[in-house]
Number of protein chains: 2
Amino acid sequence: MNYEEAKEKFISTWGSLGSMWGINKAMAQIQALLFISTKPLSMEDIMKELKISRGNTSMNLRQLMDWGIVTKELVPGERREFFTTEKDVEELARHIAKERSRREIKPVIKTLKEVSSIKNDGTAKTKELIKQTKALHDLTETADSMINKLVSQEQNWVTKSLLKLIK
Amino acid sequence: MNYEEAKEKFISTWGSLGSMWGINKAMAQIQALLFISTKPLSMEDIMKELKISRGNTSMNLRQLMDWGIVTKELVPGERREFFTTEKDVEELARHIAKERSRREIKPVIKTLKEVSSIKNDGTAKTKELIKQTKALHDLTETADSMINKLVSQEQNWVTKSLLKLIK
DNA sequence: ATAAACTTTCAATAATTATTGAAAGTTTAG
DNA sequence: CTAAACTTTCAATAATTATTGAAAGTTTAT
């Protein structure tokens, strides 16, 4: 496998993985391209490299900036804008985990709380609904909190302790 | 919020959450319905309750069985088949994590390994590709292994130790 | 063996989601 | 101020993914 093949393979794999992070293909591919680029890229560069339209590139770059994993870079003497992504994988994971928690997990926890708090009328089906959604609520909340802690700045000592435990 | 409202809210929330587990809406909704049901349900029950077609129900039940989170239940004296889902949330999480790892994460780790193992020709861009994909590979592998351990049968003592660390 | 009761399959269709591209908008240089 | 260089917006369109429903398949009872 040569450089070009490896690059394409990486970008396409990372792209199809986007759904795991709740982001779309183009968004994931742009991030992947920036991630292995040795220098900031312009919109033109990205469009050409990934063969996607200007509009698509623009919209997805914006979303990546909203996620906090891509930033505009001003290159002195250049009119157009250049973009870079967070290059440190742990920092990247931190951003992604934080955003996912905020956008998707937290709202679900809230709903589970609401649903599990309905009045218990004593019927079997109500009891079951309350019991099961409560269990799901507690699990989700614990998992969310664990991931956020693991991935947060307190990371180091926790992660190291954990790795010792499980390795 | 009464029982019916709470039930609908739970099923629809869980359904829209399906994408987080890489499963589709109908699949997630069927699982949700079974999860709060006090007894096994027939295909007819599920179709009627969720207002989806027979074909859709059949296909998604099969997928849920492939995932190992729904099982056929034989009710004595009944001709048709009944279905139940794993009711224990931790067992459920275990199944889901294991399947996701096997279906999605493991193949990605393999690709990252391949890509990061290309011959280093000494150019800056090749060096960057190798460095970044290697970092991603290591992170992904560690995360996958952590989740699998946390969620596995060795769970108890590890989880408890961890909870003490982070709470 | 046959018919009834039930499930599965899959081509057609619908619903959803992503992408394009051209017009409108913005910024900078002169 | 105006023109050029660049970016954003968004309605139209394409691509993808989910759903239907009826025909084919299977199982069980008689």
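A note on names: the letters A, B, ... follow the listed sequences, proteins ahead of strands, and every chain is numbered from 1.
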A.B. asks: Partner lookup for dT30(D), please. Criteria are Watson-Crick or G-U wobble with both distances under 3.5 angstrom; report none if nothing qualifies.
C.D. replies: dA1(C)
A.B. asks: Where the side chain of Ser58(A) is defined as all heavy atoms beyond and including C-beta, which of dT7(C), dT19(C), dT8(D) is the nearest nucleotide?
C.D. replies: dT8(D)
A.B. asks: Specify the separation, in whole Å, of atom CG of Asp45(A) and atom P of dC6(D).
C.D. replies: 12 Å
A.B. asks: CE of Met47(A) versus P of dT19(C): gap in Å, rounded?
C.D. replies: 14 Å
A.B. asks: Going by an N to O cut-off under 4.0 Å, is there a salt bridge joining Lys9(A) and Glu114(B)?
C.D. replies: yes
A.B. asks: Counting side-chain heavy atoms from C-beta on, which of dT19(D), dT19(C), dT8(D) comes nearest to Lys72(A)?
C.D. replies: dT8(D)
A.B. asks: Using Watson-Crick or G-U wobble geometry with both distances below 3.5 Å, tell me the partner of dA22(D), or none.
C.D. replies: dT9(C)
A.B. asks: Starting at the 5' end of DNA chain D, which residue's closest nucleotide do you reach first, Arg54(B) or Arg80(A)?
C.D. replies: Arg80(A)
A.B. asks: On DNA chain C, nearest-nucleotide positions of Ile23(A) versus Gly55(A): which is more 5'?
C.D. replies: Ile23(A)
A.B. asks: Write down the atom of Ile46(B), the atom of Thr57(B), and the distance for their closest heavy-atom approach.
C.D. replies: CG2-CG2, 3.7 Å
A.B. asks: Side chain of Ser53(B): nearest nucleotide among dT20(C), dT8(D), dT19(D)?
C.D. replies: dT19(D)
A.B. asks: Between P on dT7(C) and CD on Gln63(B), what's the gap in Å once rounded to a whole number?
C.D. replies: 18 Å
A.B. asks: What is the distance, to the nearest angstrom, from the CG atom on Leu50(A) to the P atom on dA18(C)?
C.D. replies: 16 Å
A.B. asks: CD1 of Ile46(B) versus P of dC6(C): gap in Å, rounded?
C.D. replies: 15 Å
A.B. asks: So what does Glu81(A) hit on the nucleic acid, given a heavy-atom distance under 4.0 Å: a base, only sugar-phosphate, or nothing?
C.D. replies: sugar-phosphate
A.B. asks: How long is the line joining CG of Asn60(B) and P of dG21(D), in whole Å?
C.D. replies: 15 Å
A.B. asks: Working note: Trp14(B) + Gln31(B), criterion side-chain hydrogen bond (donor to acceptor under 3.5 Å, both in side chains); need CA distance, chi angles, decisive distance, verdict.
C.D. replies: CA-CA 9 Å; Trp14(B) 207 238; Gln31(B) 199 276 326; 3.0 Å; yes
A.B. asks: Give none if dC1(D) has no partner; otherwise give the nucleotide forming a Watson-Crick or G-U wobble pair with it, both distances under 3.5 Å.
C.D. replies: dG30(C)
A.B. asks: Looking across every strand, which nucleic acid part, if any, lies under 4.0 Å from Arg79(B) by heavy atom: base, sugar-phosphate, or nothing?
C.D. replies: base
A.B. asks: Does Glu99(A) pair with Arg94(A) as a salt bridge, N-O distance under 4.0 Å?
C.D. replies: no
A.B. asks: Nearest whole Å is fine: how far is dA18(C) P from Gln29(A) CD?
C.D. replies: 13 Å
A.B. asks: At 4.0 Å (heavy atoms only), tell me whether Asn24(A) reaches a base, stays on the sugar-phosphate, or touches nothing.
C.D. replies: sugar-phosphate
A.B. asks: side-chain hydrogen bond (donor to acceptor under 3.5 Å, both in side chains), that's the test. Do Ser145(A) and Thr142(A) meet it? Break it down for me.
C.D. replies: CA-CA 5 Å; Ser145(A) 141; Thr142(A) 304; over 6 Å; no
A.B. asks: Atom CE of Met59(A) to atom C1' of dC10(D): distance rounded to whole Å?
C.D. replies: 7 Å
A.B. asks: Go through dT8(D), dT9(C), dT8(C) for me and flag the one nearest to the Met43(B) side chain.
C.D. replies: dT8(C)
